[in-house]
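As C-alpha cells, the structure follows; a few thoughts come after it.
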Amino acid sequence: MTLAAFVILLSLTLLGYVLNMRTASAIRGGGARLHSLAGFHGLFSALLVLVPVLVLILLWLAFEGVIIDAIVMASLPPGTLDGMGIGQIQLTLAEIKSVASGRVFGTPEDWKLAAAERLVWMNDMSGWFLLIVVATGSIAILLYARRQVAADFRARQRVERIISGLMIFCATVAIFTTVGIVFALTFETIKFFSMVPVTDFLFGTSWEPQIPIREDQIAAAGAFGAVPVFLGTIVIATVALTIAVPVGLLTAIYLNEFAPHGFRQVVKPILEILAGVPTVVYGFFAILTVADDDRGDGGRPDRANDDQPAGQRHRRHGADRDPADRGYVIRQPQDVVRLRTWHGAFHRHALHQRAGPADRPQIPRNLRLRLRRHD
Amino acid sequence: MTDITPNGTGGPSTNATTDAVRASLTRRNRKQLRLQFFGLAAIGFALLMLFILVGSLVSTGYHAFVQTHVELEVFVDPDEIPAENLPRGGFTEVLSNSLGQYFPDVDMTDRADAREVSSILSNGAQFTLRDRVVADPSLIGQTITMKVPVSDPYDQLAKGLVQRETLEQNRRVNDAAIARFDQLADSGMISRPLNTQLLTNADSRFPELAGLRGAIVGSFWALLTCFVISFPLGIGAAIYLEEFAPKNKVSDFIEVNINNLAAVPSVVFGLLALAVFIGWFGMPRSAPFVGGLTLALMTLPTIIIATRAALKAVPPSIREAALGVGASKHQVVFHHVLPLAMPGILTGTIIGLAQALGETAPLLLIGMNAFITSAPSGPFD
C-alpha cells in the first residue's frame, strides 16, 4: 500500500512537470515573452507536489505504528490490563501483533484474537487512507500549479525559494541531531543520577555495573564508581599517544622532506592502509593475537579470560594514529620550505624554522581531534 | 640577502659569519643524519605493525576458505522416509545407517556409538539430503552419492588445527574418532574443495555451516540507506552554508554545530538512535534501515565538511563569469560550481562511507549484533 502511494506520488510529480512545461512552451510558442524558462514552470509544479506530500507520507509512516498500537490497546475490553506492569503490557501487545501476522502459538484468548483482527483492519484502513490522501492532495496541488502558468509568472524565483528552503532544512538537520544527542544523554543521565548519587559516581573506586533489573533477577549489588574508568581511559590515551606522536611525526617528516620520490610513492599508500582499517579489527586483533602472545599460551579455552590488560590496546591505538598525524603534517604548504632552502639555510634548519610557526598549532589541534575519536 | 662566498671577501663581518657557519656545519650535518635515521626507524616500525596485523589475520583466517567434505553412498531407505510426509522423514537415521556401513566393527544399534559415528557428518547434511529427496521423490529406495561437509572437529582435524600429538583428554576428537576419520581418508572419500558456503550461508550454530552472507547483505542495506540519506542532506547543507547563508549568528551557530558533530565519538550516535529511533519512533530493533539512519547521522558532518572544501576550491572567476552571463545565484551554483566541485565531493563521500562501513560501536548500541540465521531480505527486515 505504501509502495502504491509512492508510485502515485512519483507519477503525479512527473505529470505535473511535463504538463506545466508543455503549457509554458505553448505560451512561448504563441509569441508571448516568458519570465522564466519553461523548465522552471515544470519544476515549480513538480516540487510543489513532491515536497509536501513526501513529508506527509514520511510522517504518516513514522507515527502510524505508534498511533495504531495505542488505539488497539485502548480498545481492549476494560479490565484486561489491570495490574499489569509495563513489561507485561508490551508483551501483550507483541502477542497481539504476532497473532495478527499469522504466527499463532497455542490458543490465545478471545479478546486477543479480536484485538488482532482490529489491528489488521486498522493497518489496512490506514494504508488505503494514505493512498487516497496522497492521490487527492497531489492532484489538488497539481491543478493549483497548473493554474499559475502565465507569461509573467515568476516561476524561477518560486522554485529557487523552494530549493533554498530545502537546503536550509538540510542545514538544520545538524541542529536537530545535536539537540537529539543532548536530550537523549540528559534524559538518561537524570535517570541514572536519581539512582546513584553524584559523589558515588565521581569519587567511587569500584566499577561493577551488574544490578538486578527485575525483582526476581539474581545479580551483584552493583558499584558505580567511575574513577577506574577515567583512569583507564587516561592510561590508554597516554600510552597510545606516547607511541603514536613520535612515530607519526617522524614518519611524516621523513616522507615529506628526505624520502626520494620513488620511496614515497611506494610507502605512502601502504601506510595509509593503517588509517583505513576499521577500528574494530584492531580490537579483535588485540584480543586474539596480542593478548594470547602476552599470556604465553596459545589460547587454551579453559584459561579464565580476565579484563584485557591495557597494554595490547595501546599498541594498536598507537599504530592507528600514525597515518593521521602524518597526513596533517604533510599538508603544510611546500612553498615555504622551498623559500627558506633557497635562501641558503640547511634542510633541517629550514624544517625547524617552518615546523615552528606554521604547523605548531595544527599538530596539537589534530591530536585533540584524534583523542576525541577514541571510543 | 648577500651571497655567502667561500673566501669571504665581503669584509670583516661577513668573514666572522662565514667562520661561525662553517664551524657549526659538522654538528648540523650530524643532526640532520640523526633525524633521517629516526624517520626511517619510525617508518620501519609502522610498516612492521602493519605486516604483523595483516599477517596474523591472514595466517589464522586462510583455513576458512577451504572446507572438508566427505563423499558417501547413501541408501535412501523407504522405511525411514514415508512418501506421504516427505519433509519430516528420518533423514538423520538414513545418513547414520549409510555411514555405519563403512565401519562394520561399530555396533550401530548402540545409541552412543551410533551417535559418535554419525557425528562425523555436519548437522546440515540431513537438510541437504532432505532437499534432494523432496525435489526428486523418485530417489526413495535408491542409493545416491552425496558430498557433504564434515562436522567441525573433523574439519579442524583435517586442516591440522587439532594436533594429533596432544593428550587425548585435551583434544576435541579422541583416538577412535581419529582412526575412523583416517580410514575414510584412506579410502579417498575426503576432499577439500573451496568453501563457497562462506559466501552463501548466514550465521549458524555450527561452525562448518557458518557464512558471511548475513553480514554482507546487512552491511549492503545499511550502507545503501546511509548513502541515500546522507548524500543529499550533506550536499544541501554544505551548499547552503557555503554559498547562500548570510553571515549572521544563526549560520554561525549551525556551523559550530556541524563541526562539533564531526568530533563526537560514534558511540554517542548509537545512544541517540537508541533513545529516539527505537524508543520514540518504535522502529524495529535490528533492521538495517535503523543502522543506516544512525550511520547517516554520523557521516553527515564528514560529507558537509568535504563538500565545503570542494566548493571553496572552485575558482571565483567561474562564479563571476556565470553571474556576468546572467545566471541567477542558484543557477551559478547548480549549473557551474557544483559540477566542478563534484570530484572533491565524491572523494569526501567515499571517505565518509568507508568510515561508516567500519563503525561498529553505534550499531552495537542499537542491537545490530544480533545472531540471525538468515540474511535480511530488505532494509526493513
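The chains referred to below are lettered A, B, ... by the order of the sequence lines, with proteins before strands, and numbering in each begins at 1.
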Original post:
Does B:Thr302 reach the main-chain N or O of B:Gly352 with its side chain, forming a donor-acceptor pair under 3.5 Å?
Top reply: no
Original post:
Among B:Ala275, B:Ala273, B:Ser328, which residue forms the greatest number of heavy-atom pairs with chain A at distances under 4.5 Å?
Top reply: B:Ser328
Original post:
Counting distance only, does the side-chain N/O of B:Lys329 pair as donor-acceptor with the main-chain N or O of B:Glu243 below 3.5 Å?
Top reply: yes
**OP:** Against chain A, work out which of B:Ile235, B:Leu300, B:Leu40 has the most heavy-atom pairs shorter than 4.5 Å and name it.
**Re:** B:Leu40
**OP:** For A:Ser36 and A:Arg156, indicate whether the former's side chain and the latter's backbone hold a donor-acceptor pair under 3.5 Å.
**Re:** yes
Subject >> Option that, when pairs with chain A are counted at under 4.5 Å, heavy atom only, ranks first among B:Gly358, B:Gly236, B:Gly234 >> reply: B:Gly236
**OP:** Select, from B:Ile258, B:Leu297, B:Val256, the one with the greatest count of heavy-atom pairs under 4.5 Å involving chain A.
**Re:** B:Leu297
Original post:
Can you list the steps and then say if B:Phe244 with B:His330 is a ring-ring contact (aromatic ring centres under 6.0 Å, His included)?
Top reply: CA-CA 9 Å; B:Phe244 296 106; B:His330 276 81; 4.7 Å; yes
Subject >> Max heavy-atom pair count under 4.5 Å with chain B, selected residue of A:Ile168, A:Val182, A:Leu185 >> reply: A:Ile168
Subject >> Proximity breakdown for B:Leu261 and chain A, heavy-atom pairs closer than 4.5 Å >> reply: side chain
Original post:
Just checking, any donor-acceptor pair under 3.5 angstrom between side chains of B:Asn248 and B:Ser251?
Top reply: yes
**OP:** Tell me, for A:Phe63 versus chain B, whether the close heavy atoms (under 4.5 Å) come from the side chain, the backbone, both or neither.
**Re:** side chain
Original post:
Where on B:Leu233 is there a heavy atom nearer than 4.5 Å to chain A: the side chain, the backbone, both, or neither?
Top reply: both
**OP:** Check whether B:Pro232 gets within reach of chain A through its side chain, its backbone, both or neither, counting any heavy atom under 4.5 Å.
**Re:** backbone
Subject >> chain B contact via A:Leu166 - which portion, at a heavy-atom distance below 4.5 Å >> reply: neither
Subject >> Residue among A:Thr172, A:Ile163, A:Val281, A:Asp69 with most heavy-atom pairs under 4.5 Å to chain B >> reply: A:Ile163
Subject >> B:Glu255/B:Arg308 ion pair, N-O < 4.0 Å >> reply: yes
Original post:
Hey, does the side chain of B:Thr307 reach the backbone of B:Ile345 with a donor-acceptor pair shorter than 3.5 angstrom?
Top reply: no
**OP:** For the residue pair A:Tyr254 and A:Phe258, categorise the inter-ring angle as parallel (less than 30°), tilted (30 to 60°) or perpendicular (more than 60°).
**Re:** tilted
**OP:** Measure distances from A:Phe176 to the heavy atoms of chain B and classify the residue's part below 4.5 Å as side chain, backbone, both or neither.
**Re:** neither
